[in-house]
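Take a look at the structure below.
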Amino acid sequence: MSIKLPELPYAQDALEPHITANTLSFHYGKHHNAYVTNLNKLIEGTDFAENSLEEIIQKSDAGIFNNAAQIWNHTFYWNSMKPSGGGQPEGELAEKISADFGGFDKFKEEFAAAAATQFGSGWAWLVLEGDSLKIVKTANAETPLTKGQAPLLTIDVWEHAYYLDFQNRRPDYIATFIDSLANWDFAAENYKNARAS
Ligand code: MN
């Protein structure tokens with residue numbers, strides 16, 4: 001069984017003008033694709049070759065973990081955005097964000113701060129841990145999946161995610177993600193599934 005590159009959930013130009021097709025052609029077409037190619041080379045002929053991507057992430061380390069987790073993280077990130085996204089969540093997730101963060105504006109501040117202060121490459125996440133929503137950041141390929149946390153939404157803050165469109169202005173990219181791209185339908189679905197599991 002080889003690991004496949006999942007299709008993008010929208011066209012490469014669908015997030016314009018916020019994130020350009022040029023960025024996605026590199027980020028999805030080159031970076032994400034390379035993690036898949038690398039992982040398949042690394043697991044060929046090993047016990048991992050029979051495992052799902054999630055199983056590989058839980059059981060591996062070093063190069064195999066880095067490539068496997070980056071495949072999963074990127075697929076989750078594409079789904080964390082949508083054309084005409086942003087706005088605010090509705091329903092149960094909205095109520096939970098109000099209860100745990102003291103309002104959506106406080107959530108936005110904390111999420112943006114986590115994404116801005118992840119030093120070097122990594123990710124910021126909204127997760128459910130136990131009965132609490134939390135904002136966490138992870139370095140490089142690290143993922144909440146191995147930390148007993150259920151991811152609800154993520155932003156990639158590796159420079160390759162924003163440099164072509166925003167150059168060094170990571171805070172502008174983060175604000176654009178929150179205001180214009182965040183897919184709250186996806187986060188709400190993840191919240192529902194995490195509570196049910
Ligand atoms: Mn990336």
Review point. Can you tell me how far CD1 of I57 sits from CD1 of I71, rounded to the nearest 0.5 angstrom?
Key: 8.0 Å

Check your understanding: In this structure, which one of T154, T143, T138 forms a side chain to side chain donor-acceptor pair (under 3.5 Å) with N73?
Key -> T143

Exercise for review: Could you check Q118 against W158 for side-chain hydrogen bond (donor to acceptor under 3.5 Å, both in side chains), going step by step and ending with a plain yes or no?
Suggested key: CA-CA 9 Å; Q118 170 54 37; W158 285 57; over 6 Å; no

Revision key, fill the gap. Between W123 and E142, the two heavy atoms sitting closest are CD1-O, 4.2 Å

Review point. Any link between F166 and Y163 through a network of hydrophobic side chains (Ile, Leu, Val, Met, Phe, Trp, Tyr) touching at under 4.5 Å?
Key: yes

Point to revise | Side chains of F111 and F177 in contact at under 4.5 Å (non-hydrogen atoms) | key: yes

Exercise for review: May I ask you to check whether Y77 and H32 place their ring centers less than 6.0 Å from one another?
Suggested key: no

Check your understanding: Are the ring centres of H27 and W78 closer than 6.0 Å?
Key -> yes

Which atom pairs, donor and acceptor, lie under 3.5 Å between side-chain atoms of residues 182-190 and protein residues at least two apart or in another chain?
{"residue": "N183", "atom": "OD1", "partner": "D185", "partner atom": "N", "Å": "3.2"}
{"residue": "N183", "atom": "OD1", "partner": "F186", "partner atom": "N", "Å": "3.1"}
{"residue": "N183", "atom": "ND2", "partner": "N79", "partner atom": "O", "Å": "3.1"}
{"residue": "D185", "atom": "OD2", "partner": "K82", "partner atom": "NZ", "Å": "3.0"}
{"residue": "N190", "atom": "ND2", "partner": "L152", "partner atom": "O", "Å": "3.1"}
{"residue": "N190", "atom": "ND2", "partner": "F186", "partner atom": "O", "Å": "3.1"}

Review point. Does atom CD of Q58 have more than 12 heavy-atom neighbours from other groups under 6.0 Å away?
Key: yes

Point to revise | Within-4.5 Å side-chain heavy-atom neighbours: I56 and I64 | key: yes

Study note, to complete from the structure: Between the NZ atom in K134 and the CD atom in E129, the distance rounded to the nearest 0.5 Å is 3.5 Å

**Study point:** For F101, ring pair (Phe, Tyr, Trp, His ring centres under 6.0 Å) partners two or more places apart
**Key:** F107

Practice item. Keeping to residues at least two apart or across chains, list the side-chain hydrogen bond (donor to acceptor under 3.5 Å, both in side chains) pairs with something in residues 96-108. Key: K96-D100

Check your understanding: Taking atom types as modelled and ignoring hydrogens, do the side chains of S2 and N40 form a donor-acceptor contact shorter than 3.5 angstrom?
Key -> no

Check your understanding: Counting only N and O atoms by type, is there a donor-acceptor contact under 3.5 Å from the side chain of E55 to the main-chain atoms of S52?
Key -> yes

Check your understanding: In terms of ring plane angle, is the pair Y173 and Y162 parallel, tilted or perpendicular, where the classes change at 30° and 60°?
Key -> parallel

Point to revise | Side-chain heavy-atom pair F48, L39 within 4.5 angstrom cut-off | key: no

Review point. Between W125 and F76, how do the two ring planes meet: parallel, tilted or perpendicular, split at 30° and 60°?
Key: tilted

Review point. Does CD in E92 sit with more than 12 non-hydrogen atoms of other residues, nucleotides or ligands closer than 6.0 Å?
Key: no

